[in-house]
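Protein chains get the first letters and strands the later ones, always in sequence-line order, with residue 1 at the start of each.
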Amino acid sequence: MSAEAEEPSTKRDWAAIAQKVGVPLASVLLAMIISSVIMWVSGYDPFAAFAALFRGSFGTPKAFGDTLLKSTPLILAGLGLAYGFRANLFNIGAEGQLFMGGLAVAWLGLLLAGQPWWITIPVLLLAAMLAGAAWAFIPAILKARIGAHEVITTMMFTYIARYLVSYLVIGPLKSPGQIPQTGLLPSESQLPRIQSLFSEATLQAMPFLKLGRAHTGIVVALVAAVVVWWLLKYTTLGYENRAVGYNPFAAETGGISVQWTIVKALCISGALAGLAGAVEVMGVHYRLFDQFSSGFGFTGIAVALLAKNHPIAVVPAALLFGAMAAGGGTMQLEANVPQKIILIVQALVIFFVAAEGIVTYFVRQRQKEATSHVG
Amino acid sequence: MPLLELREITKVFPGVLANDRVSIRLERGEIVALLGENGAGKSTLMNVVYGLLTADGGEILVDDKPVRIKSPRQAIDLGIGMVHQHFMLIEPLTVTENIVLGREPGHYGIIDFTTARERVREISERYGLKVDPDAKIIDLSVGMQQRVEILKALYQGVRVLILDEPTAVLTPQEVTELFTVVRSLVDEGLSVVFITHKLEEVVAIADRILVMRDGIVVGETTPGATDEVGLARMMVGRDVVLRVEKGAGTCGGTVLAVEDVHVHDDRSLEAVKGISFSVCGGEILAIAGVDGNGQRELVESIVGLRRPSSGRIELKGKDITHANARASIEAGVSHIPEDRRRRGLVLEFNLAENIILGDHRRPPVARRGIMHPRAITAVARKRIADYDIRTPSERVLAENLSGGNQQKVVVAREIGRDPELLVAAQPTRGLDVGAIEFVHRQILRERSAGKAILLVSLELEEVLSLADRILVIYEGLIVKEFAASKTDAETLGYYMTGGGGSKLDTGTGARQIATPSAGGDQ
Ligand SMILES: Nc1ncnc2c1ncn2[C@@H]1O[C@H](COP(=O)(O)OP(=O)(O)O)[C@@H](O)[C@H]1O
Ligand SMILES: [Mg+2]
């Protein structure tokens, strides 16, 4: 029984990875099957619907650009949620931190007018991270000191952030004109669109680069994914984060300050959510207004769940949700299926991921059957 | 004709051959003990019989007829019941409700509770299993809950009852009662498989003993034919010393000094009410006491997990009274916590990650906040080799190791750090004899290396065999001090249960003779 060989353990790793990937994939597949049934029962053609959804999200470079556009804040918010989940913290108020990130950028971006882009862009991204972290800091302290549950406190702080932004865009930060919004960011503070980085000739030669509205914030998001992965895997910070998340008692016994780790985890989570707000303002709207985020902080929860809190897996998970957001319109136009169906698909994906127990059960059941055939 | 027969049962887990062509037979009306170390494959084998696991090979015969058991339901239909170490009762429901669950008497979905209660009462009287049929599970002691599990199996009409480490959760008194119940079951014609790793239980209860090791049955014997030492040898596969020998102690200067320490517990009550002692290098000081007399709080205050409310703690002259766990580790205090699954290990971490816990900020494991996977692997492999941790690789999750190997991981980490002071709280709880011997040897090796050891244990045998000096703790105070060679279990038991009066002993009073019952249960 003490199998000394190296081989079984590596084999087991592959099996473990297959299982890890298999469950989310199965969840997505199940969600698609059930929503197909719902569409079919309601008199729509599910094949046409999914085909249109696919065309609208991946069919053309421009469509893919839209998917990237929607995925960018989702990757960042999803990373924030995942980092928190790894410490067993549910930063349900990422949306509020995202708003603060957006606010910091919209305000500071105007102040920095006249500075070159290589100053403004790093400064703004950093400011958004600080703002998001600061917004998570008070809930973090409350959690660490008196055990106030972060689900309540971060959520309350989300309301505060949203009303604060509503007030500011109507009042002190309102730009002249009828619409309640802040002033337009100077172009040095904008994240350029990807296609604007290439010359007309290059775009002619390589049409797949015509990514429409997709902006360079996606680079920020991808770099962030790698950084978070590295933090979790190769730093003491990440090690302590995971240890506290799994077993705070053992972590404490091993000399890790649980309270301090909680504070750091929520602040890092908030910083990533703040970045999500920043890329939305700097890359899409170039200004701040009431409705600048379409619930990215909340969808980020689903992204993190689907990715099983793995920072690299957050990227494909965010792409999936981004694609559904991007392709919904095409689905309505071409297949005549109401865009709201997308909400059902999303809800089902979340349901199946959350109800992983059920899916895992079926997977196990299959495995059990498989082994009993051998015996 | 055997009631139950297993032929060549094989079960493979990834990297582990848990059962290797195991064949056993069970006759009507006998108690067979399945003895083996943690991880020998006992539970796996019986889970196969009970339909919880599917064997990779071999066959099962009931009444000489081959059967396929794919679920506990089928096992029960064949007359095979099993009580697990972790009970599977529904806490808010009553005893009767739990027992009849799945087989409710009555018609058209309406449960006939009068009949049900009567039947439960009838069965419990017949087998001497007294339990109130209307009590809620949540209100019952662990021992009572176990009875309910047994009753449930009997209600379902089983002929073979498998008990998986039934005594692990019981008090000595409850163990005696369980033995009576088991005997009355076989008197009524049932057969019992009794899984354990405790030698004295096997000798007390079994008709026949099957010894398992590394997934195979290595021998069969009877209590009359083999004594405990012989059983231990069969079980571990080599000679086991049930009581390790140690040389004379030396005092290499005071390492730990505790002065008039007061500590409060979680409910803000004073649990440690002014304790002073010191431990020398090369000395094992044991604190003996009944659970809940302040040991936990005292240990936590020394290792930095709890602030003393007053007093002073020094390590080699350095004040560590208010050190936190990190500062305490860095000062040279290692701690084997009493609960390895809760405090000792992160079960979801792999072995390597667990082995570096506490050293995870320091070279070679990490430099300036960045961890070095190669160094981590090297440290882990060295500890695995040095401390004989049985695992296919350092990347196996801690939760997949047996209890003995989990404890070896904790011991390897804490001793491998080369501390000045080792605080070992119940270091052998739940371990089998082989693992106990291992842990004891490691502790004695530290003693020879001139380290100070503070041992806190509820096991008097352990205290007596390891310690140089023994302090008896009672209600938060040290009531008596002994040189280990000058006392015995009875005397200790007497003081542990408050026999000395809860006043600090000056060492001049006449030695009192213990009552026979006190402390004799270890
Ligand atoms: N579900 C499982 N997955 C992988 N390995 C297992 C599993 N259950 C048991 N094992 C391994 O099988 C061996 C036998 O375990 P077990 O039957 O629980 O031993 P015992 O009951 O004798 O202590 C051990 O090495 C254990 O780690
Ligand atoms: Mg077992």
Side-chain angles (χ1 to χ4, degrees), chain A residues 1-19 86-88 227 230-261 264 308-309 364-375, chain B residues 10-18 20 39-41 53-58 68 70 214-215 303-305 324-330 335 337 339-349 353-354 356-361 365-366 368-373 390-396 413:
Chain A
M1 56 162 279
S2 46
E4 235 70 56
E6 197 78 335
E7 211 202 340
S9 78
T10 33
K11 244 193 221 155
R12 187 168 5 170
D13 288 351
W14 279 113
I17 289 169
Q19 167 125 19
R86 285 294 191 96
N88 203 16
V227 169
W230 178 80
L231 275 180
L232 281 169
K233 201 168 156 85
Y234 291 110
T235 68
T236 45
L237 181 78
Y239 175 88
E240 298 193 343
N241 198 64
R242 290 182 293 132
V244 167
Y246 286 134
N247 184 346
F249 301 104
E252 186 190 17
T253 313
I256 297 171
S257 162
V258 175
Q259 301 185 352
W260 183 217
T261 304
K264 285 189 284 191
K308 305 197 81 183
N309 304 326
R364 289 247 172 84
Q365 210 57 13
R366 301 288 313 253
Q367 285 174 346
K368 212 173 159 185
E369 274 163 32
T371 45
S372 68
H373 289 313
V374 181
Chain B
T10 297
K11 176 74 195 174
V12 191
F13 290 117
V16 182
L17 188 51
D20 184 8
L53 293 171
T54 317
D56 297 314
R68 291 190 128 247
K70 284 184 164 176
D214 287 357
V303 300
L305 290 171
N324 59 21
R326 178 175 174 178
S328 163
I329 292 170
E330 282 164 7
H335 173 208
D339 188 343
R340 62 177 160 269
R341 296 174 64 86
R342 185 175 145 96
R343 282 238 174 239
L345 294 168
V346 178
L347 293 174
E348 296 88 344
F349 268 3
E353 288 171 311
N354 269 297
I356 60 161
L357 182 63
D359 302 314
H360 61 276
R361 291 180 212 88
V365 166
R368 278 187 232 99
I370 295 169
M371 303 189 107
H372 295 278
R390 308 274 172 82
T391 172
S393 103
E394 75 283 349
R395 278 153 66 197
V396 169
R413 177 179 75 213

Could you give me the CA-CA distance, side-chain angles and deciding distance for L305(B) and F249(A), then say whether side chain to side chain contact (heavy atoms under 4.5 Å, CB included) is met?
CA-CA 10 Å; L305(B) 290 171; F249(A) 301 104; over 6 Å; no
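- Proximity to chain B (any heavy atom under 4.5 Å) is shown, for L231(A), by neither the backbone nor the side chain.
- Contact count against chain B (heavy-atom pairs under 4.5 Å) is highest for A250(A) among G245(A), G254(A), A250(A).
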Would you sort out whether M371(B) and V365(B) count as a side chain to side chain contact (heavy atoms under 4.5 Å, CB included), showing the intermediate values?
CA-CA 6 Å; M371(B) 303 189 107; V365(B) 166; 4.1 Å; yes
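- Neither the backbone nor the side chain of V303(B) comes within contact range of chain A; no heavy atoms are under 4.5 Å apart.
- In this structure, R343(B) CZ and E252(A) CD are separated by 4.5 Å, a value rounded to the nearest 0.5 Å.
- Each of G41(B), G369(B), P373(B) has some count of heavy-atom pairs under 4.5 Å with chain A, and the biggest count is that of G369(B).
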Are V244(A) and W260(A) close enough, and set up right, to give a side chain to side chain contact (heavy atoms under 4.5 Å, CB included), and what steps lead you there?
CA-CA 10 Å; V244(A) 167; W260(A) 183 217; over 6 Å; no
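- If you measure heavy-atom distances from R341(B) to chain A, the contacts under 4.5 Å come from the backbone alone.
- Taking the six-membered ring for Trp and thresholds of 30 and 60 degrees, F349(B) and Y239(A) have ring planes inclined between 30 and 60 degrees apart.
- In terms of heavy atoms, D56(B) sits closest to V12(B) at OD2-N, 2.6 Å.
- In terms of heavy-atom pairs under 4.5 Å with chain A, the best-connected choice from E330(B), H335(B), R361(B) is R361(B).
- Of the two parts of H360(B), the backbone and the side chain both hold a non-hydrogen atom closer than 4.5 Å to a non-hydrogen atom of chain A.
- Taking every heavy atom of both residues into account, R342(B) and N247(A) meet most closely at O-ND2, 2.9 Å.
- Of all the listed residues (V346(B), N324(B), L347(B)), the one sharing the greatest number of non-hydrogen pairs under 4.5 Å with chain A is V346(B).
- Heavy atoms of E353(B) lying under 4.5 Å from chain A belong to its backbone as well as its side chain.
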